[in-house]
Amino acid sequence: MLMILSKVSSLSRWNIDRTLAPLLRMAGMMCAAVLILIVLFLLREAWPLLGNGGWVNLFSDDGWYPLEGLYGLLPMLAVSLAVMLGAIMLAGPVGLGCALFLQFYAPPGLRKSFRLLLSLLAGMPSVVLGLWGLTVLVPIIALWQPPGPSLLAAIAVLTLMIVPTMALAGAAALSAVPADLVSGAAALGMSAKSRLLYVVIPAARHGILSGVLMSMARALGETMVLLMVSGNVVQYPHGLFDPVRALTANIALEMAYATGTHRAGLFASGLFLTLLVLVLAWLAARSVRYD
Amino acid sequence: MINMRFLFVFSALMSMFVHSALAGQRLTLTGSSTIAPLVLEIGKRFEQQNVGVRVDVQTGGSSRGISDARTGLADIGMVSRVLHESEADLKAHAIAVDGVSMVLHRDNNIDTLCNDQIRDIYTGKIRNWRELGGADQQITVVNKAEGRSTLELFLAYFGLRNSQIRASVVIGDNQQGIKTIAGNAGAIGYVSIGAAEFVEYEGAPIKRLRMNGIQASTAQVRAGSFPLSRPLNLVTAGEPDELAQRFIRFAQGPDVDDLIESQFFVPLEH
């Protein structure tokens, strides 16, 4: 009886494996194919500008004036990176602090409502934050350092946007640290501060790092906020109060009315943005592997 | 039984196809991206009132409207400017007027600027309102994104290229421009007159500048006396056929005034 049962069950598992494995493989390959198709699509749409060595112009043209045939993308690339780095430098420590508070210091009654608050903030539509930035933050900056819409405003609103993402990802990573690690550290007589700094955070570093990368990707892809508060002037930022334009905002700002090579230029912006995200993902994979 | 039902549905579908193919009249319009959203709305209303007619609207700029009307690729071209002399072979039918107004913050004590002053502000030669007799405040130059029709009209009127403009803020649509100017006492920008007039009555702290001494209002635009304005034309090669003629008359008529106003253009006098 046992023999028969086990035989049947092993046979059936085999069957399931045989049907499941190709299905899963297909699903995986479809995901990869979608990415490849997106890149190919962007390449095709941007080709009128990239072809015949035209891609050099994206780097060498002095400014972005599509109606006059100038397609310099580098300033916007720099701005996208600057905004992302600025936001993550502010949101990273604050978000991690929120996560530590939530996981280790918040009184049980407060913990639940604090977590709810963070989730709500994480789900806040970016256009709402952008509207707040445009009507409240930008006029305040304008009183201080005109014109108001600036790199600073963009970094500030984006920071607000990614702090909850960072905090929730951090909290998930911290809660995944085995409890016996923490109690073991306590048993060794380590203070609360050293337990967090030398045991918990190092043990949760992968989760925290993936939270950082998730937040960075969100900051890089954010469009509406940048469109509303950054000023959209194409130039290298020379200071925090300069109005700037990021790649995402460039697409959203001009897509509706772009035709011909102008449209191709916007697809080139999209291509650059995608490549930037891919580099980010590659760095993430690398840092985890070499850790 | 299943077969019967399938046959029934199939034949019903087929008859619908055949019916629409027989009754379907199609009207194609191409051209200016300024006019396209308006014509799209007018087309929807036209379709409702004329069963079986389909109105197809495609953008591609005024020059495409001209060439498609000439070659017959489109029944009607959309051109957001006065026709040139070289385009005398085409017939223009104005359906509305687009006017652009220079806009300041309400607290700015400047009430009028001449064209040269506006040009100097936009090219960065004048950077402080003090130089024009105003308060000691830095000027925030609000410009439009490339491809927008208001930018085109502005540049053409002042004889500027976009690369000459030293903007402090670049905006997309009229509303964003108005919010930017309302939030910055030193700002100057330009938006569609209809949009500016509307939010001013709603209480937004902005004001429209006089141009060459003429008040920037939809009334002046309609009367044709406001300088910074242009007609929105439907063009046809020669006399339009019956359906196109019916559509043009509908678009020029009082039945679509609300659609024209909702896009912040100015309807014609009827």
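Since this is a predicted model, take the numbers as computed values, not measurements.
- For a residue to count as touching a neighbouring chain, one of its non-hydrogen atoms must lie under 4.5 Å from one of that chain's; by this rule A:V138 does not touch chain B.
- Looking only at atom types and distance, the side chain of A:E254 has a donor-acceptor partner in the side chain of A:W64 under 3.5 Å away.
- A salt bridge is absent between B:K125 and B:E131; no separation between the charged side-chain nitrogens and carboxylate oxygens falls under 4.0 Å.
- Residues B:T218 and B:E197 have side chains that bring a donor and an acceptor to within less than 3.5 angstrom of each other.
- At a threshold of 4.0 Å, the pair B:R45-B:D258 counts as salt-bridged, since one of the basic side-chain nitrogens sits closer than that to a carboxylate oxygen.
- Taking a cutoff of 4.0 Å between a charged side-chain nitrogen and a carboxylate oxygen, B:E47 and B:K44 do not qualify as a salt bridge.
- Of the listed residues (B:N143, B:V170, B:T140), the one with the most heavy-atom contacts under 4.5 Å to chain A is B:V170.
- In this structure, no portion of B:T59 lies under 4.5 Å from any heavy atom of chain A.
- Between the side chains of B:N162 and B:E146, at least one donor-acceptor pair of N or O atoms lies under 3.5 Å.
- The most heavy-atom pairs under 4.5 Å with chain B, out of A:I140, A:L67, A:L227, come from A:L67.
- Heavy-atom distances place the side chain of A:L134, and not its backbone, under 4.5 Å from chain B.
- Neither the backbone nor the side chain of B:I139 has a heavy atom closer than 4.5 Å to any heavy atom of chain A.
- When A:P149, A:P66, A:A142 are compared by the number of non-hydrogen pairs under 4.5 Å with chain B, A:P66 comes out ahead.
- The most heavy-atom pairs under 4.5 Å with chain A, out of B:A187, B:A185, B:A167, B:S163, come from B:S163.
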